[in-house]
Amino acid sequence: MKKVLMMTGSAGFIGSNFVKTICCREDVKAQYDFVFVDALTYAGRKENIQKELDTHSHLTFIHADIRDSQKMHELFKKYNFDGVLNFAAESHVDRSIESPNIFVETNVLGTLNLLKESLAIFEKKPSFKYLQVSTDEVYGTLGMEDAPFTEQTPIAPNSPYSASKASADLLCRSYFETFKLPVVITRCSNNYGPLQVEEKFIPLMIKRALANEPLPVYGTGLNIRDWIFVDDHNEGVWAAFTQGHAGEVYNFGGNSERQNLDVAKLLLKHLGKPESLIQFVTDRKGHDFRYAIDYSKAQKELKWSPKVRFEEDGLLRTIEYYRNLWAK
Ligand SMILES: NC(=O)c1ccc[n+]([C@@H]2O[C@H](COP(=O)([O-])OP(=O)(O)OC[C@H]3O[C@@H](n4cnc5c(N)ncnc54)[C@H](O)[C@@H]3O)[C@@H](O)[C@H]2O)c1
């Protein structure tokens, strides 16, 4: 019999790519039905996955909010899920600095709602599994000479966003330690690719460059991010869900540490625009300096490694996607 999974945040950037590349794969489709739950905030666009919803009968979309405990209770009761993949979150650091409450409500309390309902099912169905999509930002920041984050790096979040994600991770951990709920947590570096909301760094830079408008780069532009193509991340999430060990954390990274300024320059080069479009703006408050990921555990235990190369492949595909979208 097919299993039924709840997947939250399915209309967002990473979630909608997951729908396309993982949920619609023949081997996955043969084994699982998916119930997508998304509140369709400013970051969620149902049209991202409408084609898949129209063409695949194993996919169901429900417009619902993970903060709504009553609704979550109804859904868990109705579908008696075999597992949960929780992608839903408020995800933008700048917004968390301006308006932190919603980050705690969705990322922490929403996650708690899912954990509580998951536990009720797990008590009757021991094969139940829960996967929490988290971020490397829970580890805090690194200096130039520091070793990359491992799963053993103590969490030390610096922004309200990363604090809310770390809090959710701790709740997940507590449900494993206290109740033995089979929870797996994934922590990933910065994703890039199609279908991202244009307030995020790479689509924002492309949109501005295409319109010949200034590209706002925080501070000196020397902050470093590790970039991972969204499909590589999603392969990792699926590997962690299907093969990961309960109670474990798995890091995923893209092997592509770059200064923000260098990424902006690369985008301008590929778009044939001058570097004079770069405009340095007041730095983000508490801006983490560097993120870098050691993903050797995922490599060893899940046989996972990133496949898409940043300059040679992923960035070009991403530019092409947004150019087609906006250069009209
Ligand atoms: N984007 C990255 O670089 C990155 C890196 C590491 C981890 N993550 C994590 O991956 C996950 C997905 O990130 P993303 O970039 O796709 O985010 P996103 O902001 O693009 O999408 C979030 C999705 O969650 C939905 N959502 C928000 N609040 C909700 C609620 N209360 N109930 C139900 N749905 C709700 C939104 O409508 C949207 O569809 C998040 O958990 C994020 O923390 C993101």
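All ligand and atom numbering here is 1-based and tracks the order in the structure.
Contact between Y161 and ligand 1 is present, with at least one heavy atom of the residue lying under 4.0 Å from the ligand. Residue contacts with ligand 1 do not include V197, since none of its heavy atoms lies under 4.0 Å from the ligand.
V93 is not connected to V197 by any chain of hydrophobic side-chain contacts under 4.5 Å among Ile, Leu, Val, Met, Phe, Trp and Tyr, and they are in different clusters.
Below 3.5 Å of separation, one finds an N or O of K165 facing an N or O of ligand 1.
Given atom 3 (O) of ligand 1, the protein heavy atom at minimum distance is N191 N, 2.9 Å. Nearest protein neighbour of atom 17 (O) of ligand 1, counting heavy atoms only, is S91 OG, 3.3 Å.
In this structure, R45 pairs ionically with E198, as a charged nitrogen and a carboxylate oxygen lie closer than 4.0 Å.
Aromatic ring pairs are classed by plane angle as parallel below 30°, tilted from 30° to 60° and perpendicular above 60°; the pair H58 and H56 is perpendicular. Taking the six-membered ring where the residue is Trp, W227 and Y192 present perpendicular rings, their angle passing 60° and hence far from 30°.
The atoms of ligand 1 that sit less than 4.0 Å from any heavy atom of N190 are 3 (O).
Closest heavy-atom approach to atom 13 (O) of ligand 1 among the candidates T106, I14, L114, I228: I14.
Of the heavy atoms in S189, only backbone atoms (N, CA, C, O) come closer than 4.0 Å to ligand 1. In S10, neither the side chain nor the backbone holds a heavy atom less than 4.0 Å from any atom of ligand 1.
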